[in-house]
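Notes to accompany the following structure.
For clarity, every value in this text was computed on a predicted model and none was experimentally measured. In this chain, residues are counted from 1 in sequence order.
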Amino acid sequence: MKDTLCFEVEGLTKEYGEGHSKVRALRGVNLTIRDGEIIVLLGPSGSGKSTLLNILGGLDSPTDGHVRFHGIDLGTMSERALTNYRRNNIGFIFQNYNLMPGLTAEENVELVTEIAVNPLPAAEALDLVGLKERTHHFPSQLSGGEQQRVAIARAIAKRPSVLFCDEPTGALDSTTSLKVLNALDTAAAEMDTTMLMVTHHQGIAPLADRVLHFRDGNIEKEIRNESRAKPEEIEL
Ligand code: ADP
């Protein structure tokens, strides 16, 4: 982790809907994240974790408050600047892989490397997540854990500054989850990536520098780990 600031979040509020059906997904979140920091977000379903990830990743905009990325307020960016921000700086990994079924593992990664500025070659990204032998397989020929590792390779191939992972192991058994976490850990370390991971698995918390506990649209509690555990040291 470095001393430089990656994100500064101030008074972040997000409301969906109007009147009686209004939902307050975020209620004035304040948060500072350093470059290279690994953060795990825990908390009950509906507490605002995904909403925070989506706003930081430029997929959604807040109702109120500010997000600064390396000092630049996302709210002041044009649509085009925001698209470039997402394209060049951000990698997303979701629970349900989102791979193109008609493309091989390598071709799925190439979808991203073709439009990135300084990408990692697709084969290298797949090697980094332990899938060197699977480059020409189609998603249907891969296990769930392997498909998720393709999704990780795709996200890291553009060398993003930040990786957002929303329940990356949500659909996987514990042995497979550990393999996926290992791939994420290796990739983040290799590329010096800042990482925010939403999970229901309390057992993943030791992998983080900092664990944020969400409740009712805000951070209820924040725990700093003295040192980060390796995936092989945790139990799920
Ligand atoms: P978590 O990730 O902690 O499960 P979310 O950020 O997904 O929580 O959701 C926070 C709240 O915002 C929930 O009450 C959810 O139903 C609501 N919400 C999220 N996205 C939308 C949306 N697009 N439209 C309406 N309500 C939404």
Side-chain angles (χ1 to χ4, degrees), residues 38 40-41 49-50 53-60 69 79-80 82-201 204 207 231 236:
I38 295 193
V40 161
L41 295 91
K49 307 179 297 293
S50 302
L53 246 54
N54 291 341
I55 294 176
L56 295 189
L59 296 178
D60 203 350
F69 172 74
E79 270 308 313
R80 190 186 169 141
L82 210 50
T83 302
N84 283 334
Y85 164 71
R86 280 193 300 263
R87 183 178 292 167
N88 300 329
N89 296 292
I90 306 299
F92 262 101
I93 294 156
F94 299 99
Q95 179 170 337
N96 53 353
Y97 331 130
N98 295 329
L99 301 177
M100 303 291 282
L103 300 181
T104 63
E106 190 172 38
E107 288 163 351
N108 265 283
V109 178
E110 282 167 353
L111 275 185
V112 165
T113 56
E114 276 163 11
I115 56 166
V117 177
N118 175 30
L120 202 63
E124 215 173 294
L126 286 163
D127 193 14
L128 202 58
V129 297
L131 288 180
K132 200 178 182 167
E133 313 299 327
R134 297 282 186 276
T135 49
H136 303 303
H137 286 56
F138 290 93
S140 61
Q141 300 170 314
L142 299 169
S143 70
E146 287 172 336
Q147 290 182 57
Q148 187 60 301
R149 283 189 279 150
V150 175
I152 294 171
R154 182 182 55 187
I156 58 163
K158 59 179 176 178
R159 304 180 202 266
S161 342
V162 189
L163 266 182
F164 292 110
C165 313
D166 201 343
E167 298 277 5
T169 61
L172 304 173
D173 63 59
S174 52
T175 311
T176 313
S177 295
L178 285 175
K179 281 190 191 159
V180 163
L181 291 169
N182 220 325
L184 274 174
D185 188 69
T186 308
E190 182 82 11
M191 310 220 158
D192 234 348
T193 313
T194 308
M195 184 156 71
L196 278 83
M197 192 186 312
V198 167
T199 178
H200 274 105
H201 281 294
I204 291 179
L207 299 182
L236 294 178

Any [X] side-chain heavy atom under 4.5 Å of [Y] side chain:
X      : Y      : answer
Val150 : Leu142 : yes
Lys179 : Leu172 : no
Arg154 : Leu111 : no
Pro231 : Leu207 : yes
Leu236 : Ile204 : yes
Phe92  : Leu59  : yes

What pair of heavy atoms forms the shortest contact from [X] to [Y], and how long is it?
X      : Y      : value
Ala188 : Ile38  : CB-CD1, 4.4 Å
Ala187 : Leu128 : CA-CD2, 4.2 Å
Lys49  : Val198 : CE-CG1, 3.6 Å
Glu146 : Leu131 : O-CD1, 3.5 Å
Pro160 : Thr193 : O-CG2, 3.7 Å
Pro139 : Gln147 : O-NE2, 3.3 Å

Nearest-0.5 Å distance, [atom1] of residue [X] to [atom2] of residue [Y]:
X      : Y      : atom1 : atom2 : answer
Glu110 : Ile115 : CD    : CD1   : 13.0 Å
Met195 : Asp185 : CE    : CG    : 6.5 Å
Asp127 : Glu133 : CG    : CD    : 8.5 Å
Asn84  : Arg87  : CG    : CZ    : 6.0 Å
Leu53  : Cys165 : CG    : SG    : 8.0 Å
Asn54  : Phe164 : CG    : CZ    : 9.0 Å

> Given Ser161, which of Asn88, Asp192, Thr194, Asn89 fulfils the side chain to side chain donor-acceptor pair (under 3.5 Å) condition?
Replying inline: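 Going through Asn88, Asp192, Thr194, Asn89 one by one, the side chain to side chain donor-acceptor pair (under 3.5 Å) with Ser161 is satisfied by Asn89 alone.
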Please check if the side chain of [X] supplies one atom and the backbone of [Y] the other of a donor-acceptor pair under 3.5 Å.
X      : Y      : result
Asn108 : Leu103 : yes
Gln148 : Pro168 : yes
Arg159 : Asn118 : yes
Glu124 : Pro121 : no

>> Show, in sequence, the C-alpha distance, side-chain angles and deciding distance for Val180 and Arg149, and conclude whether the side chain to side chain contact (heavy atoms under 4.5 Å, CB included) test is met.
In response: CA-CA 6 Å; Val180 163; Arg149 283 189 279 150; 4.2 Å; yes
>> Heavy-atom count check: over 12 atoms from other residues, nucleotides or ligands less than 6.0 Å from Glu190 CD?
In response: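 Count not over threshold, so no.
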> Does NZ in Lys158 sit with more than 12 non-hydrogen atoms of other residues, nucleotides or ligands closer than 6.0 Å?
Replying inline: yes
>> Let's go through Met197 and Leu181 carefully: what are the C-alpha distance in whole Å and the side-chain angles of both, what is the deciding distance for side chain to side chain contact (heavy atoms under 4.5 Å, CB included) to 0.1 Å, and is it a yes or a no?
In response: CA-CA 10 Å; Met197 192 186 312; Leu181 291 169; 3.9 Å; yes
>> Checking Ile93 against Leu184 for the side chain to side chain contact (heavy atoms under 4.5 Å, CB included) test, could you report, in this order, the C-alpha distance in whole Å, the side-chain angles of both residues, the deciding distance, and whether it holds?
In response: CA-CA 10 Å; Ile93 294 156; Leu184 274 174; 3.7 Å; yes
> Stepwise, does the side chain to side chain contact (heavy atoms under 4.5 Å, CB included) test hold for Leu126 with Arg134?
Replying inline: CA-CA 8 Å; Leu126 286 163; Arg134 297 282 186 276; over 6 Å; no
